[in-house]
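Counting begins at 1 with the first residue of the sequence.
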Amino acid sequence: MAEYVAPAAVEIVADQAKEYASPYLRYFFRYGEIVKDFKNQREALELKKERVKIRVDEAERQNELIHKDVDNWLTSAEKELKETQNLKDEIDRAKCFKWCPKRGWRYSLSKKLAEKTPIISKLLETSNFAKVGYRRPLQGIEFITSTDFMDSESSKSAFNQIMEAINAKDVNMIGLHGMPGVGKTTLAKEVGKHAREQKFFDKVVMFTMSQNPDINKIQDKVADIFGLKFETSSQEGKAEELFRSMQRVKKILVIVDDLWEEFKLEDIGIPFGDDHKGCKILLTTRQKQVCSKMKCQKEIQLGILSKEEAWVLFRDKAGLEDDCSTLNDVAKEVSAQCKGLPLAIVVVAKALKGESLNGWRDANQRFKDSTHLYAEVVLGGVLQPLKLSYNYLKKGINQMTGNHIQMCFLLCSLFPEDEEILMEILIMCGIGVGLFPNFYSIEDKRKKIVAALKKLQKSGLLLETDGADTIRIHDVIRDFAHWLTSTGENRFMVKDTLEEWPHMDESYTAIALWNCSRIIKKFPDKVEFSKLKTLFLEGERKWNRDDFLVVFGTYFEQMKALQVLLLQRVSFSLKGFPSLPNLKTFWCDDCMPENFSSSLTNMRSLEILALIGTNIDEISEELVKLSALKYLRLSGVGFAGEMVDIFLSKNERIIFPPGLVSRLTSLQELHVIPKNNLNLLELGSLSRLTALSLELSTNQIPLEDFVLPKLQRYAIVVGEIYGINREAFRTLDIQNFSSSLSAFNNLFCNVEELCLRNVGGQKNIVPSIDEMGLNGLTSLELKSCNDIEFLIDTKKDQGSTVAFSNLVELTIESTVSLKGLWYARIIKDCEELQVIFKIDKEKMKCQTPLLSNLTKLSLRSLPKLKRIWEVNPSHRAIASLQSLKVVRIESCDNLKTIFSPCLALSMLHLQVLYISFCDRLEQVIGFGQEDEIIENDCLLYCWPKLRVLSIHDCESLKYISTNTLIQPLECVYIYNCHQLIQIYNMEQNIVLPELGSQPPLFLPKLKLVKIGGCENLKYLCSSQGLPCLEAIDIKDCPRLIQIFNMEKNKDGLGLQNHCWTKLKILRIVDCQRLKYVFANTLSQGFPLLKYVYLQNCPQLLQVFSSTEERNVIGDHILLNVPFLQDLEVSDCPQFSSFIAQARLIEELVLSNVGNSRQLCNTDVPILNEGCIVVGNHEVFQVQGGYSFSSIKILRLWNLFELRVIWNDFAQVVTLENLTTLTLSGCKKLRYIFSPMMAQSLSHLVDLFIEGCEEIERLILAKDQVSSSSSSNGDTGLQPISFPNLTNITIRNCGNLKSLFPFGYVPVLPKLECLKLKMNSKLEEVFELEDEVEVTAEKEMNFDKLEWLSLEELPGLIHFCPKGYHFVLSALRVLTVRDCPKLTSGFFIDSQAFVHCKTKTPQSVEQDAIRNPIFSKNINWNWRWPGSQLPHVT
């Protein structure tokens, strides 16, 4: 026994010696512990320093300044690691050579380590930095979002004021005013962009009003934003539809730009104020009084730039350098003349960019010499700089060309405000007024005018639009052009809306009258404008075709100088046209001329004739007499007696007299868009033809020896569907054609867009169609071309072949015989397509890599395709996909991989990738033949611009890629990929040199993940590097264990707790194995979470798991979600109880949550604020007077242990916004509301209760409220009323005795539907609050109630309280069944109003005589003639 006791005693003595002996002994005996503690702490410091350094590097890349305490910490950490490196080396040497150190050395080392360890520990304790950097302060002017927005003091101040007003509860109308060109529109756009990015609003919409707003156009734009398709065509009908649609959206920002006068936004359909308190209006206007008239609660002025800010902007736009002081001194004077107006600064700076010093001095002198411009009231200081820019259009070119560029600018000002001007119309008008007369052909003049418009854009006088065929002029610059043409040689008049004929003299050279009322007052029969060269005349902009502006032929008689006539929606006679000897351009859009053909005889100078949507009598021989006609456009033309529509009729056809077209010998451009009977052989006589647009049938193509002439521009469709609307391109669309394509040989050499659909007889494209390789082609579409085997067949060509060198878009669909795109000696005897690109370096000798310009690739319905690319590893430079942006691959069942790593690395611009119905696809990026080049353990970073990845119905897909990261991804959509295991397959333990042992950031820009129907998915990817994640939507993934892989790393270290700082939406449905949505997550890890939906996850235990004690209160997990609005947890029976601190909750749905053990074992802890308790006896915990005023919808289903919803009625609980309450299967729930709480239910609309067996009353009786509650909240209660309660359904509540207290105030004034069924103990629907004897009958109206159903209520005694008489004037359906004790009777009067009375003992005998229906089944419907109620007398 002693031999066992002695060692134990020695051990105790030794431990005490270690504890209380001298430091020498402690350092000696605890040497091993001290060394271990030091090494652990030092290793932890190394890891923490690397993490902090990575964050610092990232912050510096974001141009942030680093906080001083972070810098100091890094310096201290680096110093300690450096100083302790020798100690670590000394420990390692002793361990390596296994030598036993001397006691003195051991004491010395142990003492040094013990002194250093607390210092390292202190550094670790102070290393948790919330942020390592902050944004640099702005230096002068900076452009935040684009070169247009100026971050000036004025714009910053206005921006901040606007944002403050937007966030203010009592402000719904904000006015931004300022002078023209100051940047109001740009600032408004910036506000809208910021509001949208920050999710301040559900919808942000902006539209321009202008002086004469087009309400229909505005309504259409707003409807597009809200996804509304109008069912009506009238302006008023659209407004009502839009009004209702917008009311359904919670928070809206409407930006009304360029408002000129007071306007009722309701006319558009914009609800605000009391109609929609969540709708905010921001309007911009030049005039401050408009803000007052619109009753803006906040008016903000946007001022001009300061002198310094103006100079910074001017210098940037003019491209000036700091080292040229003399030029800059002159430029500063010019900049000062722009008066701080951003528009003027940009225009003048662009005009003078690149000028010499003398040029700058000349411009400055012109400013100084001009003094009369400042008197203008409206445009003020912007006129002079704009005039300088206008005059500089002539700089460096001959006088005539400069004049013509200026005239192009002035012509643009003739079009309506904010109009997107069709360049084709503008070009034809320019030709008509004689621009560039030294060029004969229309094509050459077109090029010159287009070049002039481009110059105007670069000078800032014109604006680009989204379409390549339109252009726009800023309204301020348009006003400037009108000012220019108000006097002088070129006098213009422009009226945007005309209801009365204006006073005009004869000096005008151009007149544009838009949107003229058909009942215009004082419209003259004849006018004399001897100098008028250009006339634009437009009728009312209405869809009704009867609302044409009617103009008599005599109106035009005295316009001898007229060169250009543009008519839209005008009914006119050509009687006066023979007196227009100089008319060059005649453009009719949606007009109705009289006797058109017979009036063409004397229009011998006419060069351009366009009839669009215009009803004429016929295309006659008279057209030949237009000997100067160079341009003919016929589109949507109807004939007398036909109904013309602006949309082409399917059977519409233009009939040309035989031989007519061949005699139009001067014709240079012919555009006939509808079907026609044109004989193509006639085109051979048109030697000057350069442009052609035609829709042809296959029968119109001559079978032999016909070739279309060489053309510079064309848009030709052969087939049924005309889908071309970009005539500036050289486009061929050939459909259902099996003959030779030789007729098009002259066009293949320069075609840009080629579409072949169901075209037979061609085995290849090159060389059959074009031996030169179709190198002008940018877009190629092949669909159902079943004879084509290859795009390029060079098997007979021993030389080099360059083909498709400019191809941008390639689409191949249902081309069953295709064997490959390139046939060379590599491919032989292939019966069906297996490889798209298979390239032999010996046959490829072109300098440009193949496909280097391709931007869009679509492959569809190629079931035998095995590989898209097959490139020998040594030939990587031959093929490049550097320009590819969009790839769509569909129904390619034999594909296993799509991209090789080499080609994936070359795809620097890929943005969107769609893959669907590829049943054998295993990986998107696959290692195969290139393994010898790229090792599998080398991490690849591919596709630096890929934003969207969508994959669905790929049965065999296991991974997106192996050992490959696609970091720029923002949106991932994956559906029905049943073999998918995870997104990334990292087969090796990859260590990046720059990150050490830290894992890479997998998806640092990912915002949205939507995944469904992936049966084998276990988790998506690692949780590392998801700082931008905003939404997760996962459905039907039965094997999903974790959303993000939280397994320990290779060193056995657990992952750190996470925060999901931008996550807003979480939706998980039908994931049977999921236990935790987020593991290792802090309770504060969801600062922006708004919507949580968890449905049918039977193993789900909790939203997140955390080892932090402060995240656990008792058995409850604490979830801090300050912005949570919607929470739904349903069919999650294992879900453990949690507490959600969510003050903004609007919708709560709980169904079948938690089992009985979890529901009963925990008391609710005491917290400092209101909470939602999920999985306990109570749902809401109320403390500190907290009000759940934000909640709107509450649905509780199958919460079998739930006893109360609100745990403390002593507190003031208001439910002022609750609209819907649904309770079902809450078998132990005893009551719902306290009397005080019931008074706050002013917005309750729908009430549904079912299967709540223990409920006796909906509203707790006053004598049931606890004494503490009574002392706080029971005194002075007002009569209870539910002013908006509309629908009530209560079923199967076995203990319910009464529904509503009944007093002198109408309890349910808006009740429309009441359904009560299987409530066995219900005695009365309305309970009198105080039982008093009723001496006189009282009448109560329920004038909204339409449906009343009382079924299987064996205990119901009365529906109407004794002494009351209910009038149900709107009742349409009444059902009473199995209510044997019911003493209330129902009657109908002469007005078909239903009445309800309860019989008293005194009236029993009288009731029996009158034969009312008591205690009998009633099934009455006002529509059924057979159902009757007794009549009341």
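Heavy-atom minimum distance, Leu1314 versus Leu1316: CD1-CD2, 3.9 Å. The two residues Cys1252 and Ser1224 have their closest heavy-atom pair at SG-N, 4.4 Å. Scanning all heavy atoms of the two residues, the minimum distance from Ser1320 to Gly1294 falls at OG-O, 3.2 Å. The two residues Leu1202 and Leu1196 make their nearest non-hydrogen contact at CD2-CD1, 3.8 Å. Residues Val912 and Arg947 share a closest heavy-atom pair of CG2-NH2, 4.1 Å. Between Pro1098 and Cys1071, the closest heavy-atom pair is CD-O, 4.3 Å.
Under a 4.0 Å N-O distance rule, the pair Lys250/Glu1146 qualifies as a salt bridge. Using a 4.0 Å cut-off between charged nitrogen and carboxylate oxygen, Lys1227 and Glu1253 count as a salt-bridge pair. Salt bridge Glu922/Lys958: absent, no basic N to carboxylate O contact under 4.0 Å.
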Next on the checklist: Apply side chain to side chain contact (heavy atoms under 4.5 Å, CB included) to residues Ile1065 and Ile1032 and explain how you reach the verdict.
Outcome noted: CA-CA 6 Å; Ile1065 301 174; Ile1032 301 174; over 6 Å; no
Next on the checklist: Set out, in order, the CA-CA distance, both residues' side-chain angles and the distance that settles side chain to side chain donor-acceptor pair (under 3.5 Å) for Asn1295 and Lys1321, then state yes or no.
Outcome noted: CA-CA 6 Å; Asn1295 281 306; Lys1321 293 185 179 181; 3.0 Å; yes
Checklist entry - How far apart are the C-alpha atoms of Leu1241 and Leu1218, what are their side-chain angles, what is the distance that settles it, and do they pass the side chain to side chain contact (heavy atoms under 4.5 Å, CB included) test? => result CA-CA 7 Å; Leu1241 298 171; Leu1218 186 68; 4.0 Å; yes
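Between Arg1039 and Cys1037 the shortest side-chain heavy-atom distance does not fall below 4.5 Å. Here the side chains of Ile974 and Cys1014 are in contact, with some heavy-atom distance below 4.5 Å. Here the side chains of Trp1197 and Val1153 are not in contact, with every heavy-atom distance at 4.5 Å or above. Side-chain contact check for Val1069 versus Asp1036: every heavy-atom pair is 4.5 Å or farther apart.
Taking CZ of Arg1067 as the start and NZ of Lys1035 as the end, the distance is 5.5 Å to the nearest 0.5 Å. The line from CD1 of Ile1068 to CG of Leu1040 is 7.0 Å long, rounded to the nearest 0.5 Å. If you take CG on Asn1287 and CG on Leu1247, they are separated by 9.5 Å, rounding to the nearest 0.5 Å. To the nearest 0.5 Å, atom CD1 of residue Ile960 and atom CG of residue Leu969 are 8.5 Å apart. Remark: Leu957 CG to Ile951 CD1 distance equals 5.5 Å, nearest 0.5 Å. Here Ser1242 contributes atom OG and Leu1285 contributes atom CG; the two are 11.5 Å apart, rounded to the nearest 0.5 Å.
With 3.5 Å as the limit, one finds a donor-acceptor pair spanning the side chains of Asp1126 and Tyr1093. No side-chain donor-acceptor contact under 3.5 Å links Glu1147 and Gln1125. Under 3.5 Å, the side chains of Lys1310 and Asn1284 contain a donor-acceptor pair of N or O atoms.
Remark: the backbone N or O of Phe200 is paired with a side-chain donor or acceptor of Lys251 at under 3.5 angstrom. Side chain of Asp1246 to backbone of Leu1221: no donor-acceptor contact under 3.5 angstrom is found. When atom types are taken as modelled, the side chain of Ser1190 and the backbone of Ile1145 share a donor-acceptor pair closer than 3.5 angstrom. Remark: side-chain polar atoms of Asn1016 are paired, donor with acceptor, to backbone N or O of His978 under 3.5 angstrom. With hydrogens and angles ignored, the 3.5 Å screen pairs no side-chain donor or acceptor of Asp202 with any backbone N or O of Val249. Of the possible donor and acceptor atoms, one in the side chain of Thr1219 sits under 3.5 Å from a partner among the backbone N and O of Lys1192.
His952 and Tyr914 have their aromatic ring centers separated by at least 6.0 angstrom.
Residue Phe226 qualifies as enclosed at atom CZ: its count of foreign heavy atoms under 6.0 Å is above 12. The local environment of CZ in Arg55 is crowded, with over 12 non-hydrogen atoms from other residues, nucleotides or ligands closer than 6.0 Å.
With Asn1096 as reference, Asp1070 is the one residue of Asn1152, Asp1131, Asp1070 to meet the side chain to side chain donor-acceptor pair (under 3.5 Å) rule.
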